[in-house]
Amino acid sequence: MREYLFKITLLLSAVIMLFTGCASNKMYTLRDEAIEKYKSGSYAEARELFEEALSEGNGQVSEVQYDILRYRAECELRLKDYEAAKKTYGILLKLDPSDKNRELYYDLEEQFERVEEINRAFEVMASGDYEAAYKEMDKYASLGGDSSAALAWFNKAVCAEYLGNWEEAASLLKDYLAVYPDDEAARKEYNFAKTR
């Protein structure tokens, strides 16, 4: 009887190890697929695959899950989902309170606050008060900073158009296009402003 129980215990242990190994292998496979999607610029697909890979970790945090979280945060940033990225960096900061993670988290927090300010400026712009919106956008506009600063730069130019400052608008948009040459909306605005 003891020998029978021993064999069953051994068999169950082998089955558990087999399933654990499969889950672990699946996590690595999903991570690798997600990284390929990330490298190709398919950030939404990559984020989904990173999520699936994380779920394969059964709530345990290892070096690979930490790596997956970092990639997921990068996808969220590139998708401009700042709130999700901030949350992910908050998790990373709790897992590893290193200076690098702390710096990334606080930088993202500042970006998020700027985005909120810029969104308020959009509301002012939508109300038709382009002069006040221009002043608000000017506070955050920069082409050497993050995407929120570039967004403010672009919308500062749009406000200048609405205010009839065509030359300034064209100049701002020209500078913007030097940094973001593939932005079709900016190119249309620039062509429009320079003809006025």
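The model shown is predicted, which means the values in this text are computed figures rather than measured ones. What's counted below: heavy atoms across the whole structure, side chains too, no hydrogens, waters or symmetry copies.
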Mind checking the NZ-CG spacing from Lys87 to Asp81? Nearest 0.5 Å is all I need.
10.5 Å
Check whether any side-chain heavy atom of Leu69 lies under 4.5 Å from a side-chain heavy atom of Gln65, and answer yes or no.
no
N/O donor-acceptor pair under 3.5 Å between Ser127 side chain and Val124 backbone
yes
For a 4.5 angstrom cut-off between non-hydrogen side-chain atoms, does Arg47 reach Glu52?
no
List the steps and the verdict of side chain to side chain contact (heavy atoms under 4.5 Å, CB included) for Trp153 and Val179.
CA-CA 11 Å; Trp153 184 282; Val179 178; over 6 Å; no
Report yes if the side chains of Met27 and Ile68 come closer than 4.5 Å at any heavy-atom pair, otherwise no.
yes
Around atom CD of Glu131, are there more than 12 heavy atoms from other residues, nucleotides or ligands closer than 6.0 Å?
no
Listed by chain and number, what are the side chain to side chain contact (heavy atoms under 4.5 Å, CB included) partners of Asn155, not counting sequence neighbours?
Phe122, Met125, Met137, Leu151, Val158
Rounded to the nearest 0.5 Å, what's the gap from CD on Glu51 to CG on Leu54? Could you check?
6.0 Å
Glu167 atom CD, over 12 foreign heavy atoms within 6.0 Å:
no
Would you call Glu113 and Glu117 a side-chain contact if the rule is heavy atoms closer than 4.5 Å?
no
Looking at Ala133 and Cys159, what are the two nearest heavy atoms and their distance?
CB-SG, 3.7 Å
Answer yes if Trp166 and Tyr176 sit in the same cluster of Ile, Leu, Val, Met, Phe, Trp and Tyr residues linked by side chain heavy atoms under 4.5 Å apart, and no otherwise.
no
For the CD atom of Glu74 and the CG atom of Leu79, what is their distance to the nearest 0.5 Å?
11.0 Å
For Glu103, enumerate each residue passing the side chain to side chain contact (heavy atoms under 4.5 Å, CB included) test, keeping only those at least two apart in sequence or located in another chain.
none
Show me the donor-acceptor pairs, under 3.5 Å and distance only, between side chains in residues 185-196 and residues at least two apart or in other chains.
| residue | atom | partner | partner atom | Å |
| --- | --- | --- | --- | --- |
| Arg187 | NH2 | Pro181 | O | 3.1 |
| Asn191 | ND2 | Arg187 | O | 3.3 |
| Thr195 | OG1 | Asn191 | O | 3.4 |
| Thr195 | OG1 | Phe192 | O | 2.8 |

For Lys139, is there an ion pair with Glu136 - N to carboxylate O distance below 4.0 angstrom?
yes
Quick one: closest heavy-atom pair of Ala46 and Cys75, and the distance?
CB-SG, 3.7 Å
For the residue pair Tyr71 and Phe50, does the interplanar ring angle fall in the parallel (under 30°), tilted (30 to 60°) or perpendicular (over 60°) class?
parallel
Pairs meeting criterion ring-ring contact (aromatic ring centres under 6.0 Å, His included) with involvement of residues 129-149, two or more places apart:
Tyr130-Tyr162
Please determine whether a side-chain nitrogen of the Lys or Arg among Arg70 and Asp67 lies less than 4.0 Å from a carboxylate oxygen of the Asp or Glu.
yes
Exam field: side chain Asp129 to backbone Ala132, donor-acceptor pair closer than 3.5 Å:
yes
Show the numbers, then the answer: is there a side chain to side chain contact (heavy atoms under 4.5 Å, CB included) between Phe154 and Leu172?
CA-CA 7 Å; Phe154 175 79; Leu172 288 167; over 6 Å; no
Sequence neighbours excluded, which residues qualify as side chain to side chain contact (heavy atoms under 4.5 Å, CB included) partners of Ser42?
Lys37, Ser40, Glu45
Does Leu30 sit in a hydrophobic cluster with other residues, and if so which ones, taking ILVMFWY side chains as linked at heavy-atom separations under 4.5 Å, directly or through other members?
Leu49
